[in-house]
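These notes concern the structure reproduced below.
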Amino acid sequence: MTVISDLVQQLRERNVRTVALQFPAGLKRQSEGITHALREEGFSVIISGDPSYGACDLALDLLAYADVLVHFGHTPLLYHPNVIYEPCREDFDPAIVRKAIPFFKGKRIGIVTTVQHTHLLGDVERLLQSLGYETLIRPGEGRTPEPGQVLGCSFGAARIPEASDILFIGTGVFHPLGVQLATGMHVVALDPLAGNVEETDARTFLIRRHSVMEKARDAKHYGVIVSRKQGQNRYTLAQRLTSLSDRAYLIFMDEVNPDELLNLGFAAYVNTACPRLSYDDQIRFPVPVLTPAEFEILCGVRSWDEYSIDEI
Ligand code: SF4
């Protein structure tokens, strides 16, 4: 978690009196402690209690009540002069990378990770290089400003065609799946906390998505969802998708949840908001929720061979 003294210094430099705090779900329990520490330093503090999924979703409305919004947990995605980003870091022992070595097919290793671990990529590189491997890490860009960083909606850092293998360091199965679907490369996923290693295989995932698409094929009407969140809004894409079918209707939403989709009553939806909604949350949704590429395949303007992971 952030070093409070650094944050206090930034707030003092900006002459802040009232500060608003925004946390993702996994860090919300830290709000009380950070608020207490900031109050001790003389600041007034308000806390956003709404869900926060990423830096694509800043609680800018709180700037009506505060001088500055501090967004915890993520790297900058949307620029605003009164927003301070405080990414969350999680350490691991770089030596854990030795566990991935038996899974490599070659000697040129592209390395990617999530924001929690980017600060340790230099140590990982040095260790692999000392063992005779060449390491490749792409510089930060756009939604992923740190070298080697991937997001659930952006896998550009993994596009390293000259690598023999891509090493993903992090937890969960979604990011390495996204890396494999975005690159078509051999992906080795290392959980640096549990020490588990897996070769990523997207086949089961693709079978599941194919089945969702088939359920949506004969839908009477499609709702094409456009997000009202600043960093998830893809209105132009949604307009283009809607033009592909006279059964498609544009729907603006802030929170995309099963109850609202049920209330709206469409037989299927096309999601242009956060890509992870279609992939991770399909199990919670009452009807198929397609990605833009999947809808294009159903509409016959893209072939199944051109299936791609949805990115913003
Ligand atoms: S769009 Fe989704 S994956 Fe991308 S930053 Fe926002 S919450 Fe994360």
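For the single chain, residues carry numbers from 1 onward in sequence order. All ligand and atom numbering here is 1-based and tracks the order in the structure.
Here the heavy atom of the protein found nearest to atom 2 (Fe) of ligand 1 is C274 SG, 2.3 Å.
Numbered from 1 in the order shown, with element, the atoms of ligand 1 that lie under 4.0 Å from a heavy atom of Y53 read 7 (S). Set against the non-hydrogen atoms of C56, the atoms of ligand 1 under 4.0 Å away are 1 (S), 5 (S), 6 (Fe), 7 (S).
Distance check, rounded to the nearest 0.5 Å: OH of Y269 to CG of L261 gives 5.0 Å.
The side chain of R143, and not its backbone, has at least one atom closer than 4.0 Å to an atom of ligand 1 (non-hydrogen atoms only; side chain from C-beta on).
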Inset, instruction - Please test E141 against R159 for salt bridge (Lys or Arg N to Asp or Glu O under 4.0 Å), starting from the C-alpha separation and ending with a verdict. - result: CA-CA 12 Å; E141 59 177 16; R159 292 192 169 90; over 6 Å; no
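For the pairing with V187, the side chain to side chain contact (heavy atoms under 4.5 Å, CB included) check across V179, V112, L177, D165 returns one residue only, V179.
Formation of a donor-acceptor pair under 3.5 Å by the T242 side chain with backbone atoms of A238 is found in this model.
Remark: the E125 side chain and the Y133 side chain contain no N/O donor-acceptor pair separated by less than 3.5 Å.
Using a cut-off of 2.8 Å, one finds that C153 contributes an N/O/S atom close to atom 4 (Fe) of ligand 1.
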